[in-house]
Peer 1: 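This is the structure I have questions about; it appears just below.
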2 protein chains.
Amino acid sequence: MVRQARSEATRRRIITSAVHLFNEIGYDATGLGDIIEHAEMTKGALYYHFDSKQSLANAIIEEGNANLLHAFNSISESSAPALERIIHGVFVAVDLLSTDRVARSGLHLLQALGESNSVAAQHYGAWIHNMTLGLREAIEEGDLRPDLDTRALGETLVGAVLGIEVLSSAMSSGADVSDRLTRMWELLLPVIVTDESLPYFRAFLARQSMRHSGQDSG
Amino acid sequence: MVRQARSEATRRRIITSAVHLFNEIGYDATGLGDIIEHAEMTKGALYYHFDSKQSLANAIIEEGNANLLHAFNSISESSAPALERIIHGVFVAVDLLSTDRVARSGLHLLQALGESNSVAAQHYGAWIHNMTLGLREAIEEGDLRPDLDTRALGETLVGAVLGIEVLSSAMSSGADVSDRLTRMWELLLPVIVTDESLPYFRAFLARQSMRHSGQDSG
């Protein structure tokens, strides 16, 4: 038990050091030797947990995306209407990117995987699946227009949020991501929300936007 | 003159080899030595043109994005209404990604730059600028609703297209990018286009979609 806790602490230290170095000098320029030195441990200790830089990157992607999906889903499990949970959940996930370095690093490593990659396809697929289920619920609840193609909308939403994060990272280190997100929803709400629910969701978005836009500078 | 042409041919061969290797084994795993070997040239010849892998990557980003912007803008200079040129131009730029390996590689290297990067900010900024100008024209022409915030819409559009490309690359090596693009426009047109112009642009999109969706497998 003690041994297991110590092993987990070592693994954590490796991941923290790797995230720090990937962020400071880039994934490409970081060697396993740099990570060993920064984490102040032996080569053996690192290789016990990770056999390559790629397997370390995969662990960061796994953990980071699990944190993001957990943030999104823990909102989703509340008893609020589905569309509220989606809007709120995306803000919360995006906020997490500014405070959780593993989540942020994991997402950037995921984006860098590029071409037809099963790891990336699986992670993006999980987001699209979650989003699509929520949208379907929101139709049943009368908040979204019944003729919407939920799968298409789910894919477009995940794509748009992903692109907004890429833009915001490059242009402001993520500081304006909530503002960009608000503008995306302002644009989308009138097409996807039913006429009866639209005034409510405009007000809901305005409140969410106010609550989250201040948190991005951290 | 002959010397200059030969120098340009060498530079071209280096870029072609680098794009090939970045695509096959990844940017990270590719060494300058691999590129020298693949391009069948001397170390001196490579260093004459590029002093590091990063400067080679920057050259690919520059050239790739210039090709994409050129494809988008050459449509934009035609005499068609601005919104037609935007819709068509995005399809053409996205098509180019499936045939122009430098453009594709450049975009993926750009995305991998990650955190607050002046090169990335400049390239994305150029796209947002071009898009915003086109949208403003489309308002003047009566095709877009006059109360739209063109800058916000331009940023959201560039973000969404970028995200769609990331998703499509990861999930289908880009094969479904035009279909995803069509779904994005189908969703957006009803909110941004004036009531008078909407039927026309729905038909225009359907034709564009048919023309471009077959070309992605190449």
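Both backbone and side-chain heavy atoms feed into the values below; hydrogens, waters and symmetry mates do not. Because the structure is a prediction, the values reported are computed rather than measured. Note on naming: letters A, B, ... go to the chains in the order of the sequence lines (proteins, then strands), and numbering restarts at 1 for each one.
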Peer 1: From A:Thr156 OG1 over to B:Glu186 CD, what is the distance, rounded to the nearest 0.5 angstrom?
Peer 2: 9.0 Å
Peer 1: Between B:Leu157 and chain A, which part of the residue has a heavy atom less than 4.5 Å away: side chain, backbone, both or neither?
Peer 2: neither
Peer 1: Do you know which of A:Met184, A:Gln122, A:Arg180, A:Gln54 has the most heavy-atom pairs under 4.5 Å to chain B?
Peer 2: A:Arg180
Peer 1: Output the distance between atom OH (B:Tyr124) and atom OG (A:Ser168), rounded to the nearest 0.5 Å.
Peer 2: 11.5 Å
Peer 1: Take atom CD in B:Glu37; do more than 12 heavy atoms of anything else shown fall under 6.0 Å from it?
Peer 2: no
Peer 1: Does some side-chain heavy atom of A:Leu153 sit less than 4.5 Å from a side-chain heavy atom of B:Leu187?
Peer 2: yes
Peer 1: Roughly how far apart are B:His108 NE2 and A:Gln111 CD, rounded to 0.5 Å?
Peer 2: 11.0 Å
Peer 1: Checking heavy atoms, do the side chain of A:Leu181, its backbone, both or neither come under 4.5 Å from chain B?
Peer 2: neither
Peer 1: Kindly check if the number of other-residue, nucleotide or ligand heavy atoms within 6.0 Å of CZ (A:Arg101) is above 12?
Peer 2: no
Peer 1: Got more than 12 heavy atoms from elsewhere within 6.0 Å of CZ, A:Arg13?
Peer 2: yes
Peer 1: Hey, what do you get for CG (B:Leu162) to CD (A:Glu165), rounding to the nearest 0.5 Å?
Peer 2: 10.5 Å
Peer 1: What verdict does the side-chain contact (heavy atoms from CB on, under 4.5 Å) test give for B:Ile128 and A:Met171, after you've listed the backbone C-alpha separation in whole Å, the side-chain angles of each residue and the deciding distance to 0.1 Å?
Peer 2: CA-CA 12 Å; B:Ile128 291 171; A:Met171 300 181 79; 4.0 Å; yes
Peer 1: Quick one: closest heavy-atom pair of A:Val191 and B:Pro190, and the distance?
Peer 2: CG1-CB, 3.7 Å
Peer 1: List the atom of A:Ala170, the atom of B:Ala120, and the distance in Å for their closest heavy-atom pair.
Peer 2: CB-CB, 3.7 Å
